[in-house]
Every structure is written in structure tokens, then in C-alpha cells.
Colleague: 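Following this message is one structure expressed as C-alpha cells.
Just the heavy atoms: all of them, side chains too, but no hydrogens, waters or symmetry mates, feed the values below. For clarity, every value in this text was computed on a predicted model and none was experimentally measured.
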Amino acid sequence: QVRLVESGGGSVPPGGSLRLSCKVSGRDLSAYAVAWFRQPPGKEREFVAANRRSGTSTYYADSLKGRFTISRDNAKNTVYLQMNSLKTEDTAVYHCAIDQGVILSSIRLPSAYDWWGQGTQVTVSS
């Protein structure tokens with residue numbers, strides 16, 4: 001059984017940082033593409049970042065480049081999202097997702113991923 005559990009969310013002031021973790025069980029993470037998505041209040045789920053199976057190719061939402069960093073530790077079966085210089089508009093529930101057969105043209109689409117975590121809340125507020 002595949003299970004993804006996010007952690008590390010919380011409430012921070014603007015300009016703060018958080019590091020989210022996504023622990024994967026039931027699958028060998030090295031064989032999967034991984035991604036982070038977020039869902040702001042009242043809005044659709046949106047792409048944040050993705051990392052292909054090789055671990056060497058990463059992709060970001062244009063608006064987040066330079067502030068967010070996705071990484072993985074296959075030995076720990078864990079995916080990370082380092083978020084710096086947080087803004088109020090980064091407030092959302094953050095979800096991790098994995099899939100084995102993601103093609104490059106679909107890597108930013110939620111529909112490309114079969115397995116999802118329940119999400120962790122990130123609130124950026126003064």
C-alpha cells in the first residue's frame with residue numbers, strides 16, 4: 001500500500017522560511033517522479049515544483065523560482081520542499097504526489113500523478 005505523509009507546515013510571518021517533508025512508504029521513491037502542489041483557500045490546486053526520477057531534472061512554477069527548492073533523499077524515501085522568503089500569497093495546503101510514468105509535457109498537471117498525500121497547511125501572516 002502506498003502512503004504519502006506530509007509534515008513541516010505551520011504559521012510563519014512574511015519573509016520566513018519553512019521546510020516541508022513528504023515521507024513515502026510502500027514504494028521505492030527512486031523509481032518515481034515527485035511533485036509538490038498547493039491549493040490556496042477557494043482556489044484550484046496549482047503546481048509548485050517537480051523532480052524527475054533521475055533526480056537531476058527539476059521544474060518550478062515560474063512565480064516560485066528562486067524561492068522554493070524541491071529535493072529528495074531516496075535512501076530515506078522522502079521528498080522535501082524548502083520555502084524561503086514566504087509571502088502571504090503562499091498560504092495554502094501543500095500536497096506531495098508521486099507517479100512512475102510522468103512524461104515531461106504533463107509534469108505540471110495534477111492528473112499526471114496517481115498517489116497523493118493528505119496535505120499540510122502553510123499559513124503566512126503577520
Colleague: Does Asp99 use its side chain to pair, donor to acceptor, with the backbone of Asp114 at less than 3.5 Å?
Modeller: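 Here the side-chain-to-backbone pair exists.
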
Colleague: Got a donor-acceptor contact below 3.5 angstrom from the Gln82 side chain to the Arg19 backbone?
Modeller: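 Checked: no pair found.
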
Colleague: Report yes or no: does Lys76 contribute a side-chain atom to a donor-acceptor pair with the main-chain N or O of Lys23 at less than 3.5 Å?
Modeller: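 Checked: no pair found.
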
Colleague: When hydrophobic residues are tied together by side-chain contacts of less than 4.5 Å, even through go-betweens, does Val34 share a cluster with Val2?
Modeller: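 Per the 4.5 Å side-chain linkage, Val34 and Val2 are co-clustered.
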
Colleague: Which atoms form the tightest heavy-atom contact between Ala112 and Ser106, and what is the distance?
Modeller: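 Nearest heavy atoms, Ala112 then Ser106: CB-O, 3.3 Å.
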
Colleague: Does Arg45 reach the main-chain N or O of His95 with its side chain, forming a donor-acceptor pair under 3.5 Å?
Modeller: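 Absent.
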
Colleague: Check whether any side-chain N or O of Trp36 sits under 3.5 Å from a backbone N or O of Tyr80 as a donor-acceptor pair, and report yes or no.
Modeller: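 Side chain of Trp36 to backbone of Tyr80, a donor-acceptor pair under 3.5 Å: yes, one is there.
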
Colleague: For Ser71, does its backbone N or O pair with a side-chain atom of Asn51 as donor and acceptor, under 3.5 Å?
Modeller: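 No: the side chain of Asn51 does not pair with the backbone of Ser71.
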
Colleague: Report the distance from atom CG of Leu4 to atom CD1 of Ile98, rounding to the nearest 0.5 Å.
Modeller: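 Between atom CG of Leu4 and atom CD1 of Ile98 there are 5.0 Å.
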
Colleague: Going through the checks in order, is the side-chain contact (heavy atoms from CB on, under 4.5 Å) test met by Gln100 and Arg27?
Modeller: CA-CA 10 Å; Gln100 199 168 23; Arg27 289 291 187 273; over 6 Å; no

Colleague: So Val124 and Glu89, side-chain contact (heavy atoms from CB on, under 4.5 Å) or not? Walk me through it.
Modeller: CA-CA 8 Å; Val124 185; Glu89 52 263 42; over 6 Å; no

Colleague: Cation-pi check for Tyr59 against Arg108: NZ or CZ below 6.0 Å from the six-membered ring centre and within 45 degrees of the axis, yes or no?
Modeller: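 So Arg108 doesn't make the cation-pi contact.
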
Colleague: Nearest 0.5 Å, what's the OG-CZ distance between Ser30 and Arg72?
Modeller: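 Between Ser30 OG and Arg72 CZ, I get 7.5 Å after rounding to 0.5 Å.
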
Colleague: Aromatic ring centroids of Phe37 and Tyr113 under 6.0 Å?
Modeller: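 Distance test on ring centres: under 6.0 Å, yes.
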
Colleague: Taking all non-hydrogen atoms of both residues, which atom of Thr78 and which atom of Ser21 are closest, and how far apart?
Modeller: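 Minimum heavy-atom contact is CG2-CB, 4.3 Å.
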
Colleague: Please report the closest heavy-atom contact between Leu20 and Gly9, naming both atoms and the distance.
Modeller: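 Minimum heavy-atom separation between Leu20 and Gly9: CD2-N, 3.6 Å.
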
Colleague: Is Met83 linked to Ile70 within one hydrophobic cluster, defined over Ile, Leu, Val, Met, Phe, Trp and Tyr using a side-chain heavy-atom separation of less than 4.5 Å?
Modeller: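 Same hydrophobic cluster.
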
Colleague: Is there a path of hydrophobic side-chain contacts, each under 4.5 Å between heavy atoms, that joins Val102 and Leu29?
Modeller: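 No.
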
Colleague: Cluster question for you: counting only ILVMFWY and a side-chain heavy-atom cut-off of under 4.5 Å, with indirect links fine, are Phe47 and Val79 together?
Modeller: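 Not linked; separate clusters.
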
Colleague: Would a 4.5 Å heavy-atom cut-off, applied to side chains only, mark Asp90 and Leu64 as touching?
Modeller: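 With C-beta onward as the side chain, the pair touches.
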
Colleague: State plainly whether one hydrophobic cluster holds both Val5 and Val24, where clusters connect Ile, Leu, Val, Met, Phe, Trp and Tyr through side-chain heavy atoms under 4.5 angstrom apart.
Modeller: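 In one cluster: no.
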
Colleague: Flag yes if more than 12 heavy atoms outside Gln118 fall under 6.0 Å of its CD atom; otherwise flag no.
Modeller: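 Atom CD in Gln118 is not crowded, with 12 or fewer foreign heavy atoms closer than 6.0 Å.
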
Colleague: Rounded to the nearest 0.5 Å, what separation is found between the CG atom of Asn77 and the SG atom of Cys22?
Modeller: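 Going from CG on Asn77 over to SG on Cys22, the span is 9.5 Å.
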
Colleague: Do other residues, nucleotides or ligands put more than 12 heavy atoms under 6.0 Å from the CD atom of Glu44?
Modeller: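 Count not over threshold, so no.
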
Colleague: Does any N or O in the side chain of Arg52 come within less than 3.5 Å of the main-chain N or O of Ser57, such that one atom is a donor and the other an acceptor?
Modeller: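 Looks like no, no N/O pair under 3.5 Å.
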
Colleague: Between the side chains of Ser17 and Asn84, does any donor sit under 3.5 Å from an acceptor?
Modeller: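 Asn84 and Ser17 do have a side-chain donor-acceptor pair below 3.5 Å.
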
Colleague: Take the angle between the ring planes of Tyr94 and Phe68 and call it parallel below 30°, perpendicular above 60°, tilted in between.
Modeller: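 Rings of Tyr94 and Phe68: tilted, as their planes differ by 30° to 60°.
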
Colleague: Using a 3.5 Å distance criterion without hydrogens, assess whether the side chain of Glu6 forms a donor-acceptor pair with backbone atoms of Cys96.
Modeller: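 Present.
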
